[in-house]
Amino acid sequence: MSLKLGSLAAASAAVAALACKRARKGGAILRVVRAQSTARVPDVIAPPPQQKVKIALCQLKVGTDKDTNIATAKKAISTAAAEGARMVILPEMWNCPYANESFPIYAEDIDAGDAPSASMLAEAAKEHSVVVVGGSIPERHEGSLYNTCCVFSTTGEILAKHRKVHLFDINIPGKISFKESDTLTAGDQGTVVDT
């Protein structure tokens with residue numbers, strides 16, 4: 001089939017329309033579409049190849065010693081990478097006990113660089129060439145505390161920082177009462193990251 005079209009964009013649109021029509025009929029585009037442009041449109045437009053990615057979801061035993069918690073997380077990242085994981089995901093508040101009284105004590109100022117937990121994640125991501133989704137840690141920023149997740153690239157650079165928007169508040173009379181909002185500030189936006 002030959003089409004005379006005025007531009008490469010028009011040729012691309014025609015190829016895409018034909019591909020959709022042929023796909024519905026179970027066929028394939030077999031001929032080259034010729035346009036007045038000097039650019040050549042490929043015979044078949046194929047989707048990018050699918051890639052499988054091994055992801056490790058880590059559960060960690062957290063105690064009251066922050067250095068031990070950091071060492072435990074570092075070992076989990078190393079083990080996951082050794083087992084072929086390309087992305088390692090840690091749990092929420094992995095560097096401290098999950099308690100309102102603990103969040104201010106264990107909080108780190110990530111932007112100021114006073115963040116041993118975040119620094120370890122960056123170093124581990126780079127050392128093992130894995131993407132690390134750092135669960136979350138309590139973050140101190142401009143007088144507020146946040147439940148913050150950082151994502152690090154395979155080179156150890158921070159790709160994203162997400163502050164939890166919907167804080168966990170629960171009150172079941174006579175059973176349990178816990179409000180993150182008593183200590184933490186809610187983030188104000190969602191986060192999308194390209195790894």
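The side chain to side chain donor-acceptor pair (under 3.5 Å) contacts involving residues 186-195 comprise His162-Thr191, where partners must be two or more places apart or lie in separate chains. Residue pairs that meet the ring-ring contact (aromatic ring centres under 6.0 Å, His included) test with at least one member in residues 103-126, sequence neighbours left out, are Tyr98-Phe103.
Closest approach of Ser129 to Arg86, counting heavy atoms only: O-NH1, 2.9 Å. Residues Ala124 and Val130 share a closest heavy-atom pair of O-CG2, 4.4 Å. Contact between Ser144 and Thr185 at its shortest, heavy atoms only, is CB-OG1, 3.6 Å. Scanning all heavy atoms of the two residues, the minimum distance from Pro97 to Val62 falls at N-CG1, 3.8 Å. Across all non-hydrogen atoms, the minimal contact from Gly135 to Cys149 is O-CB, 2.8 Å.
Checked against side-chain contact (heavy atoms from CB on, under 4.5 Å), Ala125 has the following partners two or more places apart in sequence or in another chain: Val132, Phe152. Residues that satisfy the side chain to side chain donor-acceptor pair (under 3.5 Å) test with Ser153, not counting sequence neighbours, are Thr155. A search for side chain to side chain donor-acceptor pair (under 3.5 Å) contacts involving Thr79 returns nothing, not counting sequence neighbours. Residues that satisfy the salt bridge (Lys or Arg N to Asp or Glu O under 4.0 Å) test with Glu92, not counting sequence neighbours, are Lys164. Evaluation of the salt bridge (Lys or Arg N to Asp or Glu O under 4.0 Å) rule for Asp111 yields Lys161 as partners, not counting sequence neighbours. Under the side chain to side chain donor-acceptor pair (under 3.5 Å) criterion, Thr183 pairs with Asn100, sequence neighbours left out. Residues passing the salt bridge (Lys or Arg N to Asp or Glu O under 4.0 Å) test with Arg163 are Glu139, sequence neighbours excluded. For Ser119, the side chain to side chain donor-acceptor pair (under 3.5 Å) test picks out no residue, with sequence neighbours left out.
Distance check: Leu121 CG to Ile110 CD1 gives 9.0 Å after rounding to the nearest 0.5 Å. The line from CG of Asn95 to CG of Asp67 is 10.5 Å long, rounded to the nearest 0.5 Å. Distance check: Leu90 CG to Cys150 SG gives 11.5 Å after rounding to the nearest 0.5 Å. Note that the NE2 atom of His141 and the CD atom of Glu108 stand 15.0 Å from one another [nearest 0.5 Å]. Atom OG of Ser117 and atom CE of Met93 lie 11.0 Å apart (nearest 0.5 Å).
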Next on the checklist: Would Ile105 and Cys96 count as a side-chain contact (heavy atoms from CB on, under 4.5 Å) here? Give the steps.
Outcome noted: CA-CA 9 Å; Ile105 297 166; Cys96 69; over 6 Å; no
Checklist entry - Does the pair His128 and Val88 meet the rule for a side-chain contact (heavy atoms from CB on, under 4.5 Å), with working shown? => result CA-CA 10 Å; His128 300 291; Val88 181; over 6 Å; no
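Using a distance-only test at 3.5 Å, with no hydrogens or angles considered, a donor-acceptor pair links the side chain of Trp94 to the main chain of Gly134. In this structure, Asn69 contributes its side chain and Gly63 its backbone to a donor-acceptor pair below 3.5 Å.
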Identify each donor-acceptor pair in which a side-chain atom of residues 165-177 lies under 3.5 Å from a protein atom, sequence neighbours left out, and give them as a table.
unit_1: Asp169; atom_1: OD1; unit_2: Glu180; atom_2: N; d: 2.9
unit_1: Asp169; atom_1: OD1; unit_2: Ser181; atom_2: N; d: 3.1
unit_1: Asp169; atom_1: OD1; unit_2: Ser181; atom_2: OG; d: 3.2
unit_1: Asp169; atom_1: OD2; unit_2: Ser181; atom_2: OG; d: 2.6

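Chaining together hydrophobic side chains whose heavy atoms lie under 4.5 Å apart places Val151 alongside Val53, Ile55, Leu57, Met87, Ile89, Val131, Val133, Leu159, Val193.
In this structure, Leu145 and Pro138 have side chains that are not in contact, with every pair of non-hydrogen atoms separated by 4.5 Å or more.
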